[in-house]
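In each ligand, atom 1 is the first atom listed, and ligand 1 is the first ligand listed. Residue numbers start at 1 and run along the sequence shown.
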Amino acid sequence: MLVFGTRPEAIKMAPLYFALKNCPDEFETVLCVTAQHRQMLDQVLKVFGIVPDIDLNLMKPGQDLFDVTAAVLTGMRSVFNEHQPDAVLVHGDTTTSLATAMAGFYAGVPVGHVEAGLRTHDLTAPFPEEFNRQVTGKVARWHFAPTAVSQQNLLDERIPAAQISVTGNTVIDALMWVLGRIDADAGRRAELSNFIDARLPFDWRSERFLLITGHRRENFGDGFLQICEALKELARGYPEVHFVYPVHLNPNVQGPVNSLLEGLNNVHLIDPLDYEPFVYLLKHSHIVLTDSGGIQEEAPSLGKPVLVMRDVTERPEAVDAGTVRLVGADRGRIVSNVAELLDNEDSYKSMARAHNPYGDGKACARIIDVLRSF
Ligand SMILES: CC(=O)N[C@@H]1[C@@H](OP(=O)(O)OP(=O)(O)OC[C@H]2O[C@@H](n3ccc(=O)[nH]c3=O)[C@H](O)[C@@H]2O)O[C@H](CO)[C@@H](O)[C@@H]1O
């Protein structure tokens, strides 16, 4: 059984879902979604053409971490009672993953942790994700670590080596699948272009633009104010550059972003994009400014420089390779780093190198090999 509830989990679990479904003689695959994020989860399910077998549909207005954790925990009790899975697979660091892993532990269902071993070693950053993944790691029977760094983090926590496999990150499987589908189909490319044209009033194929995303809980409040002030300063200082920001639906993000950034001609606030147009836009972008985890993994494989609006990252691989840089949610650092990349071609070139520290597109096959031997 696969269980997930948010957009990034759905993107990263979709290829695994299909890979398991492709082995019907070996695995009966059941998908349960919690719909911790209803709308953005559904966008991804639609792109991949996935219909869940079970939908807990637990998103409620104004829910907090207590509500989500409790609802997933009790929801999964019923699901496990009814379906009696032999194993449950969860992903990364969401509240859905934490509570499902706990439910698996209580119910005696072995847990497989996909994207295991990412660590900042600071329980407060990112919050609550670092806590979620550490606790999920305590419970897991199989740890599917994307890189040697994440494997070492688990070994340092005295997880037995035999329970850890280095698989690569399934996000690269998803990215390659989506890009392959776009590359193979001129009609699809035309459709995507029309879709983006309808949302952006400039020629995104030829003009320079930054692609921006931000939604981390620890940036709510002052962090988002600083991010917006930085964007405002950059938009005024570089009127020929465009700033494209698909704004996360969380009200803590929508509030400051909409009020502080409206009315600037070269700042384009749009709704969150479906995965396919997002990836297509990422491919055409000049610089990426983000606090997202998944985008730190995808952008390097497309050769895009990434400035991460966080102070720590659990993904040191691309930072060490020099294609991702941490700039914090800090107005001055965001402005100076973006300005350097826009003004200095050598700096830009040194960060704009395509490389793939996070996977080769075969992570799902490796995960399935491990599950086969169970
Ligand atoms: C602390 C941390 O790093 N945690 C991560 C967190 O997720 P995140 O930070 O990566 O979350 P987001 O930024 O929401 O999603 C990103 C994905 O969404 C796509 N995208 C983006 C904008 C848009 O308009 N349309 C889109 O389609 C984009 O290409 C990308 O694939 O949870 C995951 C699950 O366990 C973990 O992997 C994970 O460590």
Side chains of Thr100 and Ser97, donor plus acceptor under 3.5 Å: no
Contacting atoms of ligand 1, where contact means under 4.0 angstrom from a heavy atom of Ile11: 17 (C), 18 (O), 19 (C), 31 (O)
Contact partition for Gln296 relative to ligand 1, non-hydrogen atoms under 4.0 Å: neither
Full working for side chain to side chain contact (heavy atoms under 4.5 Å, CB included) between Leu118 and Asp93: CA-CA 9 Å; Leu118 274 65; Asp93 55 26; 6.0 Å; no
Heavy-atom gap Arg310 to ligand 1 smaller than 4.0 Å: yes
Distance in Å, Phe27 CZ paired with Arg372 CZ, rounded so as to fall on 0.5 Å steps: 5.5 Å
Polar side chain donor-acceptor pair, Asp55 to Asn57, under 3.5 angstrom: no
Donor + acceptor pair across side chains of Gln43, Gln39 (<3.5 Å): no
Taking atom 12 (P) of ligand 1 as the reference point, the nearest protein heavy atom with its distance: His215 CE1, 3.6 Å
Polar atom proximity, Glu115 to ligand 1 (N or O, under 3.5 Å): yes
Sub-3.5 Å N/O-N/O distance, Lys12 and ligand 1: yes
Numbering as shown, the atoms of ligand 1 that approach Gly294 to under 4.0 Å (heavy-atom distance): 8 (P), 10 (O)
Within reach of ligand 1, part of Gln43 (heavy-atom separation under 4.0 Å): neither
Test log, rule ring-ring contact (aromatic ring centres under 6.0 Å, His included), inputs His91 and Phe4: CA-CA 7 Å; His91 187 276; Phe4 54 79; 8.8 Å; no
Mode of Glu130 contact toward ligand 1 - side chain, backbone, both, neither (heavy atoms, under 4.0 Å): neither
Ser292 contact mode with ligand 1 (heavy-atom cut-off under 4.0 Å): both
Atoms in ligand 1 with a heavy atom of Pro126 nearer than 4.0 Å: 1 (C)
Steps toward side chain to side chain contact (heavy atoms under 4.5 Å, CB included) verdict (Val135, Phe105): CA-CA 11 Å; Val135 178; Phe105 179 70; over 6 Å; no
Over 12 foreign heavy atoms within 6.0 Å of CZ, Phe48: yes
Interfacing atoms of ligand 1 (cut-off 4.0 Å, heavy-atom, Leu273): 23 (C), 24 (O), 25 (N), 26 (C), 27 (O)
Which of the ligand 1 atoms, numbered from 1, are nearer than 4.0 Å to a heavy atom of Tyr275: 27 (O), 29 (O), 31 (O)
Side-chain donor or acceptor of Arg119 paired with backbone N/O of Asn153 under 3.5 Å: no
Shortest protein heavy-atom distance from atom 11 (O) of ligand 1, along with the residue and atom involved: Pro8 CG, 3.4 Å
Tyr358 side chain vs Pro300 backbone, donor-acceptor pair below 3.5 Å: no
Nitrogen or oxygen of Glu298 less than 3.5 angstrom from that of ligand 1: yes
Those atoms of ligand 1 less than 4.0 Å from some heavy atom in Gly92: 35 (O)
Any N/O pair Arg216/ligand 1 closer than 3.5 Å: yes
Gln254 side chain to Asn258 side chain, donor-acceptor N/O pair below 3.5 angstrom: yes
Shortest protein heavy-atom distance from atom 14 (O) of ligand 1, along with the residue and atom involved: Arg7 NH2, 2.9 Å
Arg208 side chain to Leu342 backbone, donor-acceptor under 3.5 Å: yes
Subset of ligand 1 atoms that lie under 4.0 Å from at least one heavy atom of Gly293: 3 (O), 8 (P), 9 (O), 10 (O)
Nitrogen or oxygen of His91 less than 3.5 angstrom from that of ligand 1: yes
Asp274 N/O to ligand 1 N/O under 3.5 Å: no
Test item, Glu314 contacting ligand 1 (heavy atom, 4.0 angstrom): yes
Geometric N/O contact Pro272 with ligand 1, under 3.5 angstrom: no
Distance from atom 39 (O) of ligand 1 to nearest protein heavy atom, with residue and atom: Arg315 NH2, 2.7 Å
Cluster check Val247, Leu231: I/L/V/M/F/W/Y, side chain < 4.5 angstrom: yes
Pick from Leu281, Asp291, Thr94, Asp93: the one approaching atom 38 (C) of ligand 1 most closely through a non-hydrogen atom: Asp93
Asp197 atom CG, over 12 foreign heavy atoms within 6.0 Å: yes
Side-chain donor-acceptor contact under 3.5 Å, Thr69 with Thr95: no
Test of proximity, Phe278 against ligand 1: N or O pairs below 3.5 Å: no
